[in-house]
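The analysis underlying the following values was restricted to heavy atoms, covering all of them including side chains, and did not include hydrogens, waters or symmetry mates. These numbers come from a predicted model, not from an experiment.
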Amino acid sequence: MEFVDSRKLQLQQQQQHFHVLAVDDSVIDRKLLERLLRGSSCKVTCVDSGDKALKYLGLIDDLANTIESSSSPPPQPLQEEGTKVNLIMTDYCMPGMSGYDLLKRVKESSWKDVPVVVMSSENIPSRISMCLEEGAEEFLLKPLKLSDLKKLQPYFLKSFDNSYEQESVNSSIASENDHIVNNNNNMNNNNINSISKRKAMSPEPPERSRPKMKGLEVA
């Protein structure tokens, strides 16, 4: 019971560091998704196009010809923020780059291991199959509900398990280094003790007897 409660607490703490990149051209859907994810203690970055998502991920440098002016400034590239993205959620139907095109670009890049969830208000089986075959982890129907986030729990757990595994590896390495250091210290101490014992056991050379001089008589 204590293990379960401890793991649940650790999962909640992990979700606070779980970063979702949400991509949707609809302000209403974007706000709803942001509220749902923040309600689950996730960190959320929202963008309104696939191009801005690629810009944020650092996959394209210049969007001058593809991004229209908007009231909010475009997000800074990920490299500048030093933040890791754990999950990408994108709408399927967007002007310009669709969610399917964004999925393909992500899976062909260095971000290919990041899970991608595609969302759509249209339940089209062929579209769903196409996205899943391209590498999408989930296909969710809009509008999203709180129950839909339960489908994302495996990614929270996976992120937690990877973090826990990395901590275990780091702890094991640190423990092994400490063991090596302790062994070296013990070897040095043993060598010092051995030298001291040899000195104690070796007999000291006897003092040389001074020659006795006979007294000289004075005439």
Chemist: As an exercise, state the distance from OG of S98 to NZ of K104, rounded to the nearest 0.5 Å.
Modeler: 9.0 Å
Chemist: CD1/I128 to CG/L140 distance, rounded to the nearest 0.5 angstrom?
Modeler: 10.0 Å
Chemist: Could you tell me whether E34 and R38 make a salt bridge, using a distance below 4.0 angstrom between a side-chain N and a carboxylate O?
Modeler: yes
Chemist: To the nearest 0.5 Å, what is the distance between CG on L57 and OG1 on T45?
Modeler: 10.0 Å
Chemist: Do the side chains of L146 and M119 join up, straight or via other hydrophobic residues, at under 4.5 Å, putting them in one cluster?
Modeler: yes
Chemist: Do the side chains of L141 and M130 join up, straight or via other hydrophobic residues, at under 4.5 Å, putting them in one cluster?
Modeler: yes
Chemist: To the nearest 0.5 Å, what is the distance between SG on C131 and CD1 on I124?
Modeler: 10.0 Å
Chemist: Between H19 (side chain only) and K84 (backbone N and O only), is there a donor and an acceptor less than 3.5 Å apart?
Modeler: yes
Chemist: Where is the tightest heavy-atom contact between R30 and D24, given as atom of each residue plus distance?
Modeler: NH1-O, 2.6 Å
Chemist: If every non-hydrogen atom of L59 is compared with every non-hydrogen atom of R105, which pair is closest and at what distance?
Modeler: O-NH2, 4.3 Å
Chemist: Nearest 0.5 Å please: distance from the CG atom of L87 over to the CG atom of L37.
Modeler: 8.0 Å
Chemist: Under 4.5 Å between any side-chain heavy atoms of V106 and T90, yes or no?
Modeler: no
Chemist: Got L144 and M89 here, is their nearest side-chain heavy-atom distance under 4.5 Å?
Modeler: yes
Chemist: Parallel, tilted or perpendicular, judged at 30° and 60°: which one describes the rings of Y100 and Y92?
Modeler: tilted
Chemist: If the test is salt bridge (charged side-chain N to carboxylate O under 4.0 Å, His left out), which one of E134, E122, E133 qualifies with R127?
Modeler: E122
Chemist: Which heavy-atom pair separates D148 from P143 by the least distance, and what is that distance?
Modeler: OD2-O, 4.3 Å
Chemist: Looking only at heavy atoms, which two atoms of D25 and C93 are closest? And how far apart?
Modeler: OD1-O, 3.4 Å
Chemist: Looking at every non-hydrogen atom in both residues, tell me the closest pair between A136 and V118 and how far apart they are.
Modeler: CB-CG2, 4.0 Å
Chemist: Below 4.5 Å, heavy atoms only, C-beta onward: do K142 and D91 meet side chain to side chain?
Modeler: yes
Chemist: Could you report the tightest heavy-atom contact between A22 and V44, atom names first, then the distance?
Modeler: CB-CG1, 4.3 Å
Chemist: Measuring from L54:CG to S49:OG, what's the distance to the nearest 0.5 Å?
Modeler: 8.5 Å
